[in-house]
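What follows is a set of notes on a single structure, which appears directly below.
All figures in this text were calculated on a predicted structure; none of them were measured in a lab. These values consider heavy atoms only, across backbone and side chains, with no hydrogens, waters or symmetry-generated copies.
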Amino acid sequence: MLMESLLMVVLLAAPAQPRTWKVTGSDVTFEMSAKDLRGLRGGKEVFGLQSRKAEFLSGMEVPEGTDTLGWEASQSFKVLSVVGPWVSYEQTGAGFTGGAHPYASTKYVTEDVTKPQGAFSLLDVFPEKDVLAALKADGFVRKHIHDEAAFKSATTVEALMQSLEPGEDCVGFDLGGLESVKRSVAFHHVEGDKVAVRISFGYAAEACRGRNFVVGVLLPIPASPRPAFERASKRQEGFLMKDAKAVKAPSVQFTWEPPERKQE
């Protein structure tokens, strides 16, 4: 009995092992722990969270003699979903590094770890006509129509974005709206032969800095990526946004202060 109790204590005290899975039909392997998500190809990291810290800190170099009173910065990454080779995460950044105002931003990003620079576009996966129809039907989007005729006649997502206005809540449809639809997305859950997609739009004016507007649409899943969505929905390979908490999807935060402040 004593030995069993001691064994249980050891097991509970041992750090959790990373969860690993290989993406079917590819050379991609993911390794996920409580503090990191890494995508590997041939043993080489092509995606990672912790490995971004060096790049964040390298951008914080301060020229000698600069007055850094009040300066600070932070950056965070929170994994939202992993479907096939596509990793979706929420990225935030905030701080003050000179100038008239502090800065703040929140956005979703999806990366295809098999592509250079993680290139991904929702419009390469789902027919644009389906994405367009779903956005046109969304109540939040319709609240921001600026040109009704242009909205109705729009045959592309780009034309649709141009027919919208920021509104009182300051949505940045006309500032990178097309790019948001292409890449600022995450996959929430599957309903029959459709997947719920979350699209993140930024803010339209500096007074609204840091705000993030998420639109949810249901899109029919094309035949080619359907198996990947099915495996993710069952948590066999990856997971969807609705299960991110259950699988303990990782998040990281990096912070920076001027060197002289750290020495105080």
Side-chain angles (χ1 to χ4, degrees), residues 14-61 72-95 97 103-122 124-125 179-180 182-188 197-200 202 212 214 225 228-229 231-233 235-257:
Q17 295 299 309
R19 177 185 172 192
T20 302
W21 68 92
K22 186 177 186 301
V23 177
T24 298
S26 79
D27 61 349
V28 175
T29 297
F30 282 105
E31 184 180 275
M32 186 173 77
S33 66
K35 298 182 178 180
D36 202 2
L37 174 69
R38 301 175 68 224
L40 307 170
R41 300 184 74 188
K44 179 181 178 181
E45 181 178 294
V46 291
F47 177 91
L49 299 182
Q50 292 291 349
S51 57
R52 299 176 182 223
K53 183 176 182 179
E55 181 181 357
F56 166 70
L57 293 177
S58 70
M60 296 293 120
E61 296 180 359
E72 61 182 359
S74 67
Q75 187 178 64
S76 67
F77 300 91
K78 177 182 178 182
V79 178
L80 302 174
S81 64
V82 183
V83 179
W86 308 326
V87 181
S88 301
Y89 55 88
E90 180 183 78
Q91 176 178 337
T92 65
T97 53
Y103 65 89
S105 66
T106 300
K107 62 180 180 179
Y108 290 178
V109 180
T110 293
E111 293 189 28
D112 183 337
V113 303
T114 67
K115 302 288 181 64
Q117 288 78 52
F120 174 88
S121 173
L122 189 73
D124 290 339
V125 181
E179 289 305 309
S180 293
K182 286 183 176 180
R183 198 174 187 190
S184 296
V185 303
F187 303 103
H188 192 274
V197 181
R198 301 295 187 255
I199 304 173
S200 164
N212 182 44
V214 179
F229 279 106
R231 287 190 287 266
S233 69
R235 305 188 209 172
Q236 295 171 341
E237 294 178 17
F239 55 90
L240 298 179
M241 197 173 173
K242 71 177 182 65
D243 294 321
K245 184 176 180 180
V247 302
K248 299 181 180 179
S251 61
V252 299
Q253 181 176 30
F254 310 129
T255 60
W256 172 86
E257 291 181 352

State, to 0.1 Å, how close Gly39 and Phe30 come at their nearest heavy-atom pair, and which atoms those are. CA-CD2, 3.8 Å
Aromatic ring pairing Phe187/Phe229, orientation class (parallel under 30°, perpendicular over 60°, tilted between): perpendicular
Does Arg41 use its side chain to pair, donor to acceptor, with the backbone of Val28 at less than 3.5 Å? no
Could Glu237 and Arg231 be called an ion pair, given the rule that one side-chain N must be under 4.0 Å from one carboxylate O? yes
Looking at Ser74, is its backbone amide N or carbonyl O close enough to the side chain of Gln253 to form a donor-acceptor pair, meaning the two atoms are under 3.5 Å apart? no
Tell me the closest heavy-atom pair linking Thr106 and Ser200, and the distance in Å. O-OG, 4.5 Å
Heavy-atom side-chain contact between Arg38 and Leu40 under 4.5 Å: yes
How about Glu111 and Phe120: do any of their side-chain heavy atoms sit closer than 4.5 Å? no
Thr97 vs Tyr103, side chain to side chain contact (heavy atoms under 4.5 Å, CB included): CA-CA, chis, key distance, verdict: CA-CA 8 Å; Thr97 53; Tyr103 65 89; 4.0 Å; yes
Would you check if Trp86 and Val185 make a side-chain contact, meaning some heavy-atom pair closer than 4.5 Å? no
Given Lys182 and Glu179, is the salt bridge (charged side-chain N to carboxylate O under 4.0 Å, His left out) satisfied, shown in steps? CA-CA 5 Å; Lys182 286 183 176 180; Glu179 289 305 309; 3.8 Å; yes
With a 4.5 Å limit on heavy-atom distance, are the side chains of Asp36 and Pro250 in contact? no
Shortest non-hydrogen contact from Val125 to Pro225? CG1-CG, 4.1 Å
Could you give the distance from OG (Ser81) to CZ (Arg198), rounded to the nearest 0.5 Å? 11.0 Å
For Val23 against Pro85, the heavy-atom pair lying closest together: CG1-N, 4.2 Å
Measuring only between side-chain heavy atoms, which start at C-beta, is Gln236 closer than 4.5 Å to Trp21? no
To the closest 0.5 Å, what do you measure between NE2 (His188) and NZ (Lys242)? 8.5 Å
Within the structure provided, determine whether Phe239 and Met32 are in side-chain contact (heavy-atom separation under 4.5 Å). yes
To the nearest 0.5 Å, tell me how far Leu37 CG sits from Ser251 OG. 11.5 Å
Would you give the length of the straight line joining atom OH of Tyr89 to atom CZ of Phe47, rounded to the nearest 0.5 angstrom? 5.5 Å
Taking all non-hydrogen atoms of both residues, which atom of Ser233 and which atom of Asp243 are closest, and how far apart? O-OD2, 4.1 Å
Report yes if some heavy atom in the side chain of Lys78 is under 4.5 Å from a heavy atom in the side chain of Tyr108; otherwise report no. no
More than 12 heavy atoms of other groups within 6.0 Å of Lys22 NZ: yes
Please report the interatomic distance CZ(Arg183) to OG1(Thr110), rounded to the nearest 0.5 Å. 8.0 Å
Taking the side chain as C-beta and beyond, is there a heavy-atom pair between Val252 and Arg52 under 4.5 Å? no
Between Val247 and Arg235, what is the shortest heavy-atom contact and its length? CG1-CD, 3.6 Å
